[in-house]
A.B. asks: 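Handing you a structure now.
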Amino acid sequence: MHETNLETTFDAFVPPVSFELIPIKNLVSNQDYQRNLSEKHVQNAARHFDICQINPVKVSRRNGVNYVFNGQHTIEIIALVSGTRETPVWCMIYENLQYCQEADIFANQMKYTKSLVPYEIFMANIEAGNDMQLLIRDLVESYGLHISGNLRPGTICAVATLERIYEKYGFHCLDRTLRLITGAWEGAAQSFSSNMLSGTARLLHCYQDEIKDDVFKEKLERCSVKEIARTARERRNGSLGFSEAMLLLYNKKNQKGSLQISKLYSPKGARARNALTANDI
């Protein structure tokens, strides 16, 4: 009797589903409540396909038809990688749901889900021993800095920006970015914000060796990060405003030759702007 009561109690926490392997060709995923399929996302995920990242597809079986209400991108990714819609996928089958119930589940499935923040993802990659994150961590620590989830002097929270700079411009640009910022502001709070990192990297990518490290340090250490941020806001949104603000300071009374600001908007500069757009703090 006791076991029966326990089973009855636990039933309230076990969804009434079954699991089946169903060929992709036998799944339907064109319900009106679903978002449009993103071909860009499918192509990108296919390039980085990892079988261990595949989740079961949620399916509502109504009138003998298997309607996908969670996992439409998953099945398209697998079909692309495998090269055939004959490929079976694990499906979590809900029997006899009404259309409105499917739509409600789809609309609210992420409502109480807590997404991982960039720092948490970065540290998980460290634990996994992934090369890029280990290299970035070691580079940051070589300057006496630390990667952290909390902003304070001598720490960097903008880990997603570090990764973007490394991926788009390479190790040496990231190294030089950290070296110049550390030399000018000595790890001051906000000196390693996403906009400061991106703005500096953009300058280095656009002007390369035209920017002299000693001149950068000499000119910019005279100005606080708050002043640069204020000037940046007056000029343009985001990291491009920081690039402009720092370039104005670099050019001020520069006897070794001013740099043309128009170069920030050249084709090379445009590629830099597209590469570094998101802020993580």
Side-chain angles (χ1 to χ4, degrees), residues 38 40-41 44-45 47-55 73-74 77 109-205 224-226 228-229 232-233 237-243 245-246 272-281:
S38 170
K40 182 178 180 181
H41 172 73
N44 184 58
R47 286 194 296 272
H48 302 90
F49 182 77
D50 180 355
I51 189 63
C52 293
Q53 298 294 333
I54 298 300
N55 293 318
H73 283 89
T74 297
I77 292 163
Q109 60 191 338
M110 302 300 291
K111 191 172 183 179
Y112 300 107
T113 300
K114 184 179 182 297
S115 299
L116 291 172
V117 300
Y119 174 74
E120 293 168 334
I121 297 172
F122 185 90
M123 295 311 296
N125 276 303
I126 290 291
E127 292 299 314
N130 290 329
D131 290 342
M132 181 176 75
Q133 285 76 20
L134 288 171
L135 189 151
I136 291 173
R137 182 202 61 185
D138 292 347
L139 177 61
V140 167
E141 292 182 354
S142 73
Y143 286 98
L145 305 166
H146 297 281
I147 290 172
S148 173
N150 300 306
L151 182 62
R152 57 183 183 271
T155 65
I156 300 179
C157 297
V159 290
T161 301
L162 295 176
E163 291 173 323
R164 282 195 297 274
I165 294 171
Y166 178 84
E167 290 177 328
K168 297 297 182 180
Y169 301 149
F171 172 86
H172 294 295
C173 183
L174 177 59
D175 182 20
R176 194 178 177 200
T177 296
L178 295 176
R179 183 168 67 252
L180 292 186
I181 293 177
T182 303
W185 296 287
E186 299 181 343
Q190 294 295 341
S191 64
F192 291 105
S193 70
S194 180
N195 280 329
M196 283 292 290
L197 288 163
S198 297
T200 304
R202 178 175 286 138
L203 282 179
L204 299 179
H205 176 72
S224 71
V225 176
K226 286 185 178 180
I228 291 173
R233 286 194 297 269
N237 291 328
S239 59
L240 182 56
F242 281 72
S243 294
M246 286 187 279
R273 293 195 301 277
N274 292 334
L276 299 169
T277 55
N279 296 335
D280 50 7
I281 62 170

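Computation of the quantities below employed the complete heavy-atom set of this structure, encompassing side-chain atoms and omitting hydrogens, waters and symmetry-equivalent molecules. Please read these numbers as outputs of a predicted model, since none were measured by experiment. Along the sequence shown, the residues carry numbers beginning at 1.
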A.B. asks: In Å and rounded to the nearest 0.5 Å, what is the CZ to CD1 distance from R176 to I165?
C.D. replies: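 Answer for the CZ-CD1 pair, R176 versus I165, is 13.5 Å.
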A.B. asks: How far apart are the closest heavy atoms of A201 and C173, and which atoms are they?
C.D. replies: O-SG, 4.0 Å
A.B. asks: Could you measure the distance from the CG atom of L162 to the OG atom of S198? Nearest 0.5 Å is fine.
C.D. replies: 9.0 Å
A.B. asks: If you count the non-hydrogen atoms of other residues, nucleotides and ligands that lie under 6.0 Å from CD in E186, is the total more than 12?
C.D. replies: no
A.B. asks: What is the ring orientation for H73 with H41, classed by angle as parallel under 30°, tilted 30 to 60°, or perpendicular over 60°?
C.D. replies: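 Ring orientation, 0 to 90° scale: perpendicular.
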A.B. asks: Determine whether a donor-acceptor pair (N or O, by modelled atom type, separation under 3.5 Å) exists between the side chain of T155 and the backbone of L151.
C.D. replies: no
A.B. asks: Do Y143 and D175 get their side chains close enough for a donor-acceptor pair, meaning under 3.5 Å?
C.D. replies: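 Y143 vs D175: donor-acceptor pair found between side chains.
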A.B. asks: Of all heavy-atom pairs between A158 and F192, which one has the smallest distance, and what is that distance?
C.D. replies: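 Between these two residues, the closest heavy atoms are CB-O, 4.0 Å.
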A.B. asks: For the CG atom of N55 and the CD atom of Q53, what is their distance to the nearest 0.5 Å?
C.D. replies: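 N55 atom CG to Q53 atom CD measures 8.0 Å (nearest 0.5 Å).
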A.B. asks: Is there a donor-acceptor pair under 3.5 Å between the side chain of Y169 and the backbone N or O of R202?
C.D. replies: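 No.
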A.B. asks: Nearest 0.5 Å, what's the CD1-CD1 distance between I121 and I126?
C.D. replies: 13.0 Å
A.B. asks: Would you indicate whether D50, at its atom CG, is surrounded by more than 12 heavy atoms from other residues, nucleotides or ligands within a distance under 6.0 Å?
C.D. replies: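 Atom CG in D50 is crowded, with more than 12 foreign heavy atoms closer than 6.0 Å.
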A.B. asks: Quick check against the 3.5 Å criterion: does S239 have a side-chain atom that pairs as donor or acceptor with the backbone of G199?
C.D. replies: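 No; judged by distance alone, with no hydrogens or angles, the pair does not exist.
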A.B. asks: So which heavy atom on I77 is nearest to which on A45, and how close?
C.D. replies: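 In terms of heavy atoms, the two residues are closest at CD1-CB, 3.4 Å.
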A.B. asks: From L180 CG over to L197 CG, what is the distance, rounded to the nearest 0.5 angstrom?
C.D. replies: 11.5 Å
A.B. asks: Could you tell me if the side chain of L134 sits less than 4.5 Å from the side chain of N125, heavy atoms only?
C.D. replies: no
A.B. asks: Would you compute the distance between atom CZ of F122 and atom CD1 of I156 and round it to the nearest 0.5 angstrom?
C.D. replies: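 F122 atom CZ to I156 atom CD1 measures 9.5 Å (nearest 0.5 Å).
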A.B. asks: Is the closest side-chain heavy-atom distance between L174 and I136 below 4.5 Å?
C.D. replies: yes
A.B. asks: Over all heavy atoms of both residues, which pair between G149 and C157 is shortest? Give the atoms and the distance, please.
C.D. replies: C-SG, 4.0 Å
A.B. asks: Please test Y166 against L135 for side chain to side chain contact (heavy atoms under 4.5 Å, CB included), starting from the C-alpha separation and ending with a verdict.
C.D. replies: CA-CA 10 Å; Y166 178 84; L135 189 151; 3.8 Å; yes
A.B. asks: Is it the case that the side chain of N130 and the backbone of M132 share a donor-acceptor pair, with hydrogens and angles ignored and the cut-off at 3.5 Å?
C.D. replies: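 No; zero donor-acceptor contacts below 3.5 Å.
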A.B. asks: Measure across Q190 and M196 and return the closest heavy-atom pair with its distance rounded to 0.1 Å.
C.D. replies: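 Q190 and M196 have their closest heavy atoms at O-CG, 3.6 Å.
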A.B. asks: Any donor-acceptor pair under 3.5 Å linking the side-chain atoms of T161 with those of R164?
C.D. replies: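 Per modelled atom types, R164 and T161 side chains form a pair under 3.5 Å.
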